[in-house]
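The chain is numbered in sequence order, starting from 1. Every number for a ligand or one of its atoms is a count from 1 in the order of the listing.
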Amino acid sequence: MEDIKKGKTYDIQGFSVQDGPGIRTTVFLKGCPLRCPWCHSPESQEFKTELNWMQIRCIGIEACGKCLSACPKGLITKGELTQNAAGEDIYYPVVDKSSCDECGACAKVCKPDALYMCGTDMSVDEVMHRLLRDKPFFDESGGGVTVSGGECLCQPEFTLELLKRCKAEGIHTAVDTTGYVPYRVIESVLPYTDLFLYDLKCMDSKLHKQVIGVPNELILENAVKIAKAGGHMQIRIPVIPLFNDNEEHFKLYADFLMGIKDAVDLVQLLPYHTLGISKHDRLLKNEKIFVAEPPSDELMQSLCKQLSDYGFNVKIH
Ligand code: SF4
Ligand code: SF4
């Protein structure tokens, strides 16, 4: 059968132990309808293939500078004198992303891949070819494949086909989702999804919209519908300073989760960390980045206990 559906991926990671049971291979799809200021994979947000730059790989304009003349629009110029990680003087390129059409000409001439294009169109066959290499590890460990993002259900046809093919190969499947998609999309993948990794970022819809850009009603409704349809979920709660990191907010989580308790296999608490900050630089964006002190171990333990006391299996990651 001809495989015509292509998905836009930005990574496929083997040997993951964070994205569901056992050893897993996670397929990351590009594009997300949410804009979490603490996003640890900002390269996943845009639906298109885009130019990234990794400072640590760049050897500088004096030693190289090939990108300066590669851009047909003249968008790359020599930046101010600065220091590299070794404390040596260096001039890095500056890219005017406001007029960039992501043509990739600069990335082509950048030998150390400091400039690189993020986003690869792959067929289901190509992804399956990669995944099947890891099948012995899935079988040995009780693992499988996790389709993640971005929001993988924003590429519904590709994700559905990929899940179907995994199930046909006897592979355990997980879908990592924000839940912010029409329920009909979730309903279509449900028969081929052993587990949903389901994000609940905030229980206050107004705050959810104010900070993340969309309200949370659809997300909560979809979680209830998955539970009613017999689906299984690992609920993922990012613990974010000044957003949801307090006892009152966790009481709201507990009240909601009690209504879908039979469907919740595990609650994962994901403490805020600062890994996403350097990645934002790579995207050559001038956006404001959310920076805060990560929650303390004591606070994480206390929030963990609060939900455990309701009878949930809770883990801190
Ligand atoms: S990707 Fe953007 S910056 Fe690079 S060559 Fe093309 S237009 Fe210029
Ligand atoms: S071509 Fe690459 S390594 Fe060379 S200066 Fe440009 S970004 Fe740096």
A cation-pi test, strictly: NZ or CZ of K30 under 6.0 Å from the centre of the six-membered ring of F47 and no more than 45 degrees from its axis. Yes or no?
no
Please determine if K167 forms a cation-pi arrangement with Y192, meaning its NZ or CZ atom is less than 6.0 Å from the six-membered ring centre and no more than 45° off the ring axis.
no
No-hydrogen, no-angle side-chain donor-acceptor test under 3.5 Å, [X] and [Y]:
| X | Y | result |
| --- | --- | --- |
| D125 | S123 | no |
| D89 | Q83 | yes |
| T26 | D19 | yes |
| R24 | T146 | yes |
| K8 | T49 | yes |

Is it the side chain (CB and beyond), the backbone, both or neither of Y92 that lies under 4.0 Å from ligand 2, heavy atoms counted?
neither
May I ask you to decide if [Y]'s main-chain N or O and [X]'s side chain share a donor-acceptor pair within less than 3.5 Å?
| X | Y | answer |
| --- | --- | --- |
| T193 | L195 | no |
| R35 | C32 | yes |
| T25 | G14 | no |

In this structure, atom 8 (Fe) of ligand 1 is nearest to the protein heavy atom C71 SG, 2.4 Å
I need the protein N, O or S atoms closer than 2.8 Å to atom 4 (Fe) of ligand 2, given as residue plus atom name.
C64 SG
Could you name the option among C106, A107, G104 that has the heavy atom nearest to atom 5 (S) of ligand 1?
C106
Contact atoms of ligand 1, heavy-atom distance to [X] under 4.0 Å:
| X | value |
| --- | --- |
| D101 | 6 (Fe), 7 (S) |
| C103 | 1 (S), 5 (S), 6 (Fe), 7 (S) |
| E102 | 1 (S) |

Tell me whether atom 2 (Fe) of ligand 1 has C100 as a neighbour, meaning an N, O or S atom of it below 2.8 Å.
yes
I need the contact type for K97 against ligand 1. Using non-hydrogen atoms and a strict under-4.0 Å cut-off, is it side chain, backbone, both or neither?
neither
